[in-house]
Amino acid sequence: MNIKIFDTTLRDGEQTPGVALSPMQKLNIAKKLDSLGVNIIEAGFPIISKGELHAIKMITKANLTSEICGLVRTNKKDVDAAIDANLNYIHMFIATSDIHLKYKLKLTREQVIEKAIKSIEYGKSYGLKIEFSAEDATRTERNFLKKVFKEVAGAGADTIDIPDTVGYATPQYIGEITKDAIDVTRLPVSIHCHDDFGLSVANTISAIQNGAKCAHVTINGIGERAGNTPLEELVMALKCLQFKKKMDTNIKTKLLYETSKYISELAKIPVQPNKAIIGDNAFSHESGIHTHGILNNPLTYEPIGPELVGRNRGLTVGKHAGIHGVKFMLEEYNMSPDIKQTRTILDKIKSICDQGKQITDTELFEIANETIKQYKENKLVKLVGFSVSIGIGTMPYAFVKLNINGKNFLGTDYGVGPVDAALNAIRKITGRISQLRIKEYKLASISGGSNALCEVTIKIEDDDNNNISSKYIGKDIVTTSVKAMIDGINKIMLKTNKTRRKKIV
Ligand code: KIV
Ligand code: ZN
C-alpha cells in the first residue's frame, strides 16, 4: 500500500517558535522536498503576509512534481488569497471542539458547520481541490465530528483531514475516528498529528492501519510546541517495520539525512542527538559490547543500515569502549597498535572518562600517538597564518592562509563574530577538499580571570558524512578555535578514503 506524504514543513513547521523563512528560502526548501519525493507540499498560509503570498507564488510557478497546497480558514478572503497565489489545492480548516468554539471562535456548532459549507462551496465554485480539516478533531465530541465530516463531504470537500491539534489522542482513539471519517464520507482521509505526548508517529500509523491514505508530516518533526509527526521517522517505520499489509511511500530515503540537515540549518533548529533516524547518535556506537557486535555484523545493534537514509555509521570512544572498537577507530587513521598497546590506550581512555571527561577523536589520536610513539602524522593542512579584524560598525572579517599538501591558499570571509569569520575563511579554502559543516562548537573557560585558558571543542562533518570531534586548549578564543578546526580537518582527512585524498589538491 502506498501512503501519500503531505509535507507541512513550510506551513506548520514554520509555525515553530522563532522560525521565519524568506520567500527564497521557502522556494529552496520546496525544491528539496520535491526532490525527496513528497506527494504534497503545504507551501504556506497565503493570507498571513505579502512575503508569504510571494513565496507561495514562486513555489506554484516552480514546476515541481509535488502538488502544492496552501492553508485557508473558512472565509472568502483566505480563499481569494489562495487563488491569488495560483493555488488550485487548498487545505481549509475550522475548529470543531467545544473548547475552541467557546473560547476562540465564539460560534455555535451549527454556525461552524454553516461556515464550513459556505467556504467549501465558494472554493469549489473556483474549481479548487479542497482538503478539509476539523481543527482539534480529537477533542471534538465524537458524534459532532462525524456530523461535520458528513456535511463537508456533502458540500464538495475532496479529502478529509483529522488533526490531533494538541497531540492529545491515543493510537486507539485515532484509529476509531479514522474509521468514522471513512464510514461517513467515503472520501480519502489524511491524518495530521502533533507530538505533545511523543505519540505522533504511533498515532499516524494507527490512522493508516485504520484506512487513512495520507500523512501530514514535517522534516525533523519541526512545528508548534513539541512539533509534528517527523517525516523521516514515519517513512522509515512504514518502510521497515512489520505490518499486516506491506506499506511504503514515494520518499527517496537516501536523501533523508541530507534534507534533514538542510532544514535544520535554514530553520536554525538543531536536531537532538538521540532523535531517531537523523540524530547524531542514531547510528553511533560506544560500548565495547555493541561495537564488537557491530563490527562482526551491524544487524546485532542496528535495526537498519545507515546507508538506507544517506548516513554513515560512527564509532566513538568513551568509558564503555572496548578493544575491538578502539582498534577499528585507530585503523581508520592508519594506526595499527598491537594488542598490548591497544590495551594501554583503552586504559588511558577509561581513566580520563572516569574523571567525568569526554574524549574527542583528536584526543584519541593523541593518546594513541604517545602510546605507539613511532607513528608519524602526515598533516595535509597546515596553518600558515591568520588575522581577524573587528570593530564597531563593521562585520568581523578574517584572512586565513593555509598550506594544503605543499601549496599555499588564502581565504577571506565575514562572520557574525571573529571566530565565525575565521572558521568561515578556513572553510572557504578547505572547500576544495571537502565541504565541511560545523555541527557543534563549544567554548569553556578553564581557569578564572581575564587571562583564563579556553577550551574549544568542535564537531565537524564532511560531505561524505564522516564526523570528527576535536578539542584544543589555548590562550585566546580565535586562535584556539582555528587550531581545533584545523586539527579536526586533518583527522577527518585521514578517515577519508585514499582515492579521494589523492585527488584532493
Ligand atoms: O494542528 C492543526 O490543527 C493544524 C490545522 C491548521 C489543521 O495545523
Ligand atoms: Zn498542526
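Numbering of ligands and ligand atoms starts at 1, following listing order.
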**Asked** Within the distance-only criterion (no hydrogens, no angle test), does the side chain of Ser66 pair as donor or acceptor with the backbone N or O of Val38 below 3.5 angstrom?
**Response** yes
Problem - Presence of salt bridge, Lys491 and Asp361, under 4.0 angstrom - result: no
Please indicate whether any nitrogen or oxygen in His194 is less than 3.5 Å from any nitrogen or oxygen in ligand 1.
yes
Atom 5 (C) of ligand 1: closest protein heavy atom, distance to 0.1 Å, is Arg11 NH2, 4.1 Å
- When only distance counts, is His91 in polar contact with ligand 1, meaning an N/O pair under 3.5 Å? no
Among Glu224, His192, Glu135, the residue with a heavy atom nearest to atom 4 (C) of ligand 1 is His192
Near Asp12 (heavy-atom distance under 4.0 Å), the atoms of ligand 1 are 8 (O)
- Message: Any carboxylate oxygen within less than 4.0 angstrom of a Lys/Arg side-chain nitrogen, looking at Asp84 and Lys57?
- Response: yes
Is it the case that ligand 1 has an N or O less than 3.5 angstrom from some N or O of Asp136? no
Checklist entry - Parallel, tilted or perpendicular: which describes the rings of Tyr414 and Tyr397, with under 30° parallel and over 60° perpendicular? => result tilted
Per-atom filter on ligand 1: closer than 4.0 angstrom to a heavy atom of Ser133 are 7 (C)
Check: Should the ring pair Tyr168 and Phe197 be called parallel, tilted or perpendicular, given that the plane angle runs from 0 to 90° and is split at 30 and 60?
Finding: perpendicular
Side chains of Pro418 and Asp420 in contact at under 4.5 Å (non-hydrogen atoms)
no
Using distance alone, determine whether Thr165 and ligand 1 share an N or O pair under 3.5 Å. yes
In this structure, the Zn ion (ligand 2) sits at the vertex of an angle between NE2 of His194 and OD2 of Asp12 that rounds to 10° as 100°
query: Hey, does the Lys NZ or Arg CZ of Arg311 hover above the aromatic six-ring of Tyr257, less than 6.0 Å from the centre and inside 45° of the axis?
result: yes
